[in-house]
Every structure is written in structure tokens, then in C-alpha cells.
Protein chains: 2
Amino acid sequence: MRSMPASGTHPESKLNAGSGTPSKNLMAERRRRKRLNDRLSMLRSTVPKISKMDRTATLGDTIDYVKELTKRIKTVEEEMGTTPEELNLLKNFSSGGNEETPTRSSTKLCANIENQGGGDTKIEICCSTNPGALIATVTALDVLGLEIEQCVVSCFSDFAMQASCSQAEGKRQVISTDEIKQALLRSAGYGARCL
Amino acid sequence: MRSMPASGTHPESKLNAGSGTPSKNLMAERRRRKRLNDRLSMLRSTVPKISKMDRTATLGDTIDYVKELTKRIKTVEEEMGTTPEELNLLKNFSSGGNEETPTRSSTKLCANIENQGGGDTKIEICCSTNPGALIATVTALDVLGLEIEQCVVSCFSDFAMQASCSQAEGKRQVISTDEIKQALLRSAGYGARCL
DNA sequence: GATTACACGTGATGC
DNA sequence: TGCATCACGTGTAAT
């Protein structure tokens, strides 16, 4: 406890005792110091791991904490980025979606969508086998609000999938077949791996 | 630029000019100030958003940044908890996994797993249609390191899926059929909805 | 020219 | 005892 460091001489120090504009600057410095100490206290209360009440220690702990947080953020967001392609999908959707298909040159990738009327849609997609293609496609359909009624999947030399879907209630209705195609190509071509 | 604040009088200040043990403490204070400034610089280089080079501003920005980071961590981790059921699955796995199957009373739910040898496994699962059952099952298989080679899905009155899987390389090998069954029942019965 | 921010040296205080 | 940390008042450069 350092407790009230004995401000010693009250305002008006030795040299500028009688002048009219004596401690203008002094007061400013006092305020500055106070602000700084307040910030320091806030820091101490914000950062959980405070080893000592030292100024330097506080700053050091803060640095460590920030680094640790950014690290965690990074890893977690990486997992988030690869695991559910939904976010990327949604983003690509809201931002127009027809920039261009990222056709991942030199790997097979094609899709065929047929609107059967009555909210029913027939899906065919085929691409070179990549881990996660199936899960990405299923997720993409889910995001699009297309419920799979029946599907057949083969993942040997290529990944091939045929599915009959119905438009889920309450989801974004009236999606064009082309939108569906773009989304599926995107997700399947992405080749993102889960976990 | 505040640039080399003119240290003014070199070591040996006005009062302790001739004494032998004069500025012992002085040096210490110098070192202290240096350490503190170093920490401050490290902070400035660690925190991306530095509005001004002020000491107080630096601390303030740091506080804001830490708060923002913790906030993002919190929200992201919350999303992680709900969106991919993988984490729940993995947790259930590492913590024994055989507490009891949460058999979601009054809804159909059954699975059958056959080990075909050579890392090949035949999966059959059937449950009352619930949104997300397919995606949950596919995700679960992915987490288990089982790559789907072929599968057939029907989602009309019930959700039914048959699949031939092969053990993915590098993933946790030698999973018992019972473990697979438990995991699948869990995920399918969960009925968790993505997004 | 007034205000702001900093570094400096020093005395005080707790380990 | 010395060693570390702190608050203080002041000089001074930059805005």
C-alpha cells in the first residue's frame, strides 16, 4: 500500500510563491498525472491477470493478455471459417453473388439445377473428390432453405450427388436456379475441410 | 516528434556533484523509466488501433481494444457452441461417451453399424424427420473421421440414410461400432438446427 | 503566446 | 541496510 504519497507542500511550491501566474502548468501536470493513473486503474480492472500492482508489470500483463486474446481469436475464427461454410455462403449471397464463379481452375466442377415446379428442385452436382465436398454441399442446401427429400451420393473417383429438394417454409423463397447453382459451385469448389 | 528530450545535465546534477554515492538512486530511476517506456512501445506495437502517441491515449486505446477482443471472443465462442454440433460431439466423446443415450422420448430413433473390415463401415440410421438430421449425421461422420463413399438418403415420412464409409487417414482410428452408433444417435436425435 | 505532453532529478515509502 | 517504486515540481520542446 503506497497510500496517499504525502503531497508534501500544498499548492504553491518554493519558487513561485508570490507570482500571479505561478502554478498554471503545475495544475495541468497534476491533471495529466491523474488521467494517466485513472487509465492505469481502468487497465488493471479490465485485464484479469494482474501479477503485481507495478506500472511496468501491469503493462506487461496487458501485453501478454492482448497477445493471448488475439491468438485465441485467430484460432477460433479460423475454425469458424473452415467449419461452417454457411457464413461465406451468406456473405456471397448478400453481396450480389454474381461477381464470378471462382472456378478453381484445373479441377472438375459442374452443377445442374432443374426447377420442377411447386417448390421442388432437382439438383445434380459433380466435382473431383475433395474432402468436405459432401458436407459443404449439404450445408449449402440447408442454408439456401432447400430440404433434401431424397439423395444419392457417390464419392469414389469423383464426388457426385443427385438430390430432390423442396423449398423449406419460412426461408428465403424464390431463389433462382442460377443462384442455387452459383452457391453450390462455390461451396463444393471451396474444398474447405472441417475440423 | 518529441525526439531525445535533451537530457540536459549529464549524470551528476546540481546537488550531488562531488559526493561518491550520489546518483545511485538516480540510475535506478532512469532504468525504471526506460523499462516503462519500453513496455509502452511494446503496447503500441501490439495494439493495432492507436489514435495518438499520447501515453493516456495509448492506454485508452488498449482498454478499448481489450474490451472489443473479449466481446468478440465471447460472441464467437457462443456461435461455436450452437452452430456446429461437432464440439458437442467431441466433448461427449472424450468424456467417456456412455453416460446414456438421450433417447429423445417419443420419437423414433435407431441406428445400425456394421464393420465390414479393412476400415470399411456400413451405416444405417433412421429417425423421425427433423430439420437438420441429415446435416447433423453427415457432420458427425465427418468428425468421426468416416468418409462417405456412397450413400442414399430419404427424408419423407422418416429420415433414413444408408452409407458406406471408409476410415479417413490420420484421423482417430479404431473407433468401435458402438461409439459410432452412440455418436450418430446423439447427433441425429439432437435436432439442432444450423443457422 | 498559451496549452499539452514528456523527461528529468529528487524525496518519500515499503520491501 | 540497500533496492525498488512512486508522486511530485520543474524545464522544455512541440502543437
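Being a predicted model, the structure only gives us computed values, none of them experimental.
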Given the structure, check if the side chain of E29(B) and the base of dC8(C) hold any donor-acceptor pair shorter than 3.5 Å.
no
Whole Å only: how far is the [atom1] atom of [X] from the [atom2] atom of [N]?
{"X": "L26(B)", "N": "dG9(C)", "atom1": "CG", "atom2": "P", "result": "5 Å"}
{"X": "D38(B)", "N": "dA7(C)", "atom1": "CG", "atom2": "P", "result": "11 Å"}
{"X": "R32(B)", "N": "dA7(C)", "atom1": "CZ", "atom2": "C1'", "result": "12 Å"}
{"X": "L36(A)", "N": "dA7(D)", "atom1": "CG", "atom2": "P", "result": "10 Å"}
{"X": "R31(B)", "N": "dT5(D)", "atom1": "CZ", "atom2": "C1'", "result": "12 Å"}
{"X": "R35(B)", "N": "dA7(C)", "atom1": "CZ", "atom2": "C1'", "result": "16 Å"}
{"X": "M27(B)", "N": "dT10(C)", "atom1": "CE", "atom2": "C1'", "result": "15 Å"}
{"X": "L59(A)", "N": "dT5(D)", "atom1": "CG", "atom2": "C1'", "result": "14 Å"}

Given that R33(B) and A28(A) both sit by DNA chain C, which one's nearest nucleotide is further toward the 5' end?
A28(A)
With the side chain of [X] defined as its heavy atoms from C-beta on, choose the nearest nucleotide among [options].
{"X": "R30(A)", "options": "dC8(D), dA12(C), dA7(C)", "result": "dC8(D)"}
{"X": "N25(A)", "options": "dG9(D), dG11(C), dT12(D)", "result": "dT12(D)"}
{"X": "N37(A)", "options": "dA7(D), dG11(C), dA5(C)", "result": "dA7(D)"}

Any luck finding a side-chain donor-acceptor pair between D61(A) and S51(A) under 3.5 Å?
yes
Do we see a donor-acceptor contact under 3.5 Å between the side chains of T56(A) and R39(B)?
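Result is no, nothing qualifies.
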Mind checking what makes side-chain hydrogen bond (donor to acceptor under 3.5 Å, both in side chains) contact with K52(B), not counting sequence neighbours?
D54(B)
Where along residues 47-58 of chain B does a heavy atom fall under 4.0 Å from DNA chain D?
none
Give the minimum heavy-atom separation between M161(B) and A163(B), together with the two atoms involved.
CE-CB, 4.1 Å
Does T129(B) use its side chain to pair, donor to acceptor, with the backbone of S157(B) at less than 3.5 Å?
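Here the side-chain-to-backbone pair exists.
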List in chain and number order the residues that pass side-chain contact (heavy atoms from CB on, under 4.5 Å) with C126(A), two or more places apart in sequence or in another chain; answer none if no residue qualifies.
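Residues passing side-chain contact (heavy atoms from CB on, under 4.5 Å) with C126(A): K108(A), C110(A), D158(A).
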Interatomic distance, S187(B) atom OG to I125(B) atom CD1 [nearest 0.5 angstrom]
6.0 Å
